[in-house]
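Take a look at the structure below.
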Amino acid sequence: MRDVRLTNTGSLLELSRRLRAAGGENIRQSMHRRIRRAAEPLKDDLQSSIRSLDIRSRGRGQGKRGGPSPTTRPLRATIADAIRISVRTGASPGARVWVDKGRLPPDLRNMPTVLNEGRVRHPVFGNRRRWTEQNATPLWWDNTVRRHTPRMEREVARVLDDVRRRLE
């Protein structure tokens with residue numbers, strides 16, 4: 001699982017230089033806002049995708065005991081809340097949609113990648129001598145990004161064209 005970057009570095013770098021030279025702070029803010037708006041639907045869809053992700057287990061065997069989860073932390077909501085957008089119009093302009101691992105608890109830092117692979121292997125209730133495996137719908141991140149990429153590229157191209165026209 002990788003972060004998503006909306007960049008057309010040649011065009012964005014050239015426009016960024018021209019914006020700085022023109023001193024058009026209003027144009028820069030508008031470009032920033034519109035690029036962020038182009039990435040918002042992807043972020044929202046990624047969040048709803050992880051919140052509704054189906055995670056299944058084989059279930060308990062005959063005579064196995066269960067119990068309440070040792071944590072009250074909701075896994076899917078925690079990951080969804082860590083999905084972020086950052087937009088830059090400076091030296092390396094573009095937009096980036098990513099999972100901020102700093103907003104995840106230390107034991108869940110790799111979980112978005114593991115869930116994207118579709119197989120979660122973990123100790124049973126923290127007992128490191130006994131392990132179990134759960135399956136999730138694989139490629140939740142990759143498929144969602146693939147669906148949104150053409151729309152985002154069109155949107156960013158339109159923003160760049162508009163800014164180019166305003167600078168001329």
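Only a predicted model underlies this, so the values are computations on that prediction, with no experimental measurement involved. Counting begins at 1 with the first residue of the sequence. Excluded from the calculations below are hydrogen atoms, water molecules and symmetry mates; all remaining heavy atoms, backbone and side chain alike, are included.
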What is the distance from atom [atom1] of [X] to atom [atom2] of [Y], rounded to the nearest 0.5 Å?
X: Leu75; Y: Arg51; atom1: CG; atom2: CZ; answer: 12.0 Å
X: Arg121; Y: Glu133; atom1: CZ; atom2: CD; answer: 7.5 Å
X: Ser48; Y: Leu53; atom1: OG; atom2: CG; answer: 11.0 Å
X: Asn116; Y: Asn110; atom1: CG; atom2: CG; answer: 12.5 Å
X: Arg34; Y: Leu160; atom1: CZ; atom2: CG; answer: 9.5 Å
X: Arg109; Y: Asp100; atom1: CZ; atom2: CG; answer: 9.0 Å

Do [X] and [Y] come within less than 4.5 Å of each other through their side chains, counting heavy atoms only?
X: Ser30; Y: Val163; answer: no
X: His148; Y: Pro41; answer: yes
X: Arg84; Y: Arg103; answer: yes
X: Thr78; Y: Pro105; answer: yes
X: Arg119; Y: Val114; answer: no
X: Thr132; Y: His122; answer: yes
X: Leu115; Y: Val120; answer: yes
X: Leu46; Y: Trp140; answer: yes

Closest non-hydrogen atom pair, [X] against [Y]:
X: Arg128; Y: Pro123; value: NH1-CG, 3.5 Å
X: Gln134; Y: Ser57; value: CG-CB, 3.6 Å
X: Val87; Y: His32; value: O-NE2, 3.2 Å

message: Tell me whether Val145 shares a hydrophobic cluster with Ile85, the cluster being built from Ile, Leu, Val, Met, Phe, Trp, Tyr side chains joined at under 4.5 Å.
response: yes

task: Give the cluster check for Trp141 versus Ile55: same hydrophobic cluster or not, with ILVMFWY residues linked at side-chain heavy-atom distances below 4.5 Å.
output: yes

message: Closer than 3.5 angstrom, by distance alone: can the side chain of Glu155 be matched with the main-chain N or O of Ala38 as a donor-acceptor pair?
response: no

message: My understanding is that only one of Thr149, Asn143, Thr144 makes a side chain to side chain donor-acceptor pair (under 3.5 Å) with Arg146; could you say which?
response: Asn143

- request: Evaluate the criterion side chain to side chain contact (heavy atoms under 4.5 Å, CB included) for residue pair Arg147 and Asp45; output intermediate values, then yes/no.
  value: CA-CA 10 Å; Arg147 265 195 327 269; Asp45 203 13; 3.0 Å; yes

field: Electrostatic pair Arg37:Glu40 at N-O distance under 4.0 angstrom
entry: no

- prompt: Are any of the side-chain nitrogens in Arg164 or Asp161 under 4.0 Å away from the carboxylate oxygens of its partner?
  reply: yes

Stepwise side chain to side chain contact (heavy atoms under 4.5 Å, CB included) check, Met152 with Leu42: CA-CA 8 Å; Met152 291 187 324; Leu42 172 62; 3.7 Å; yes

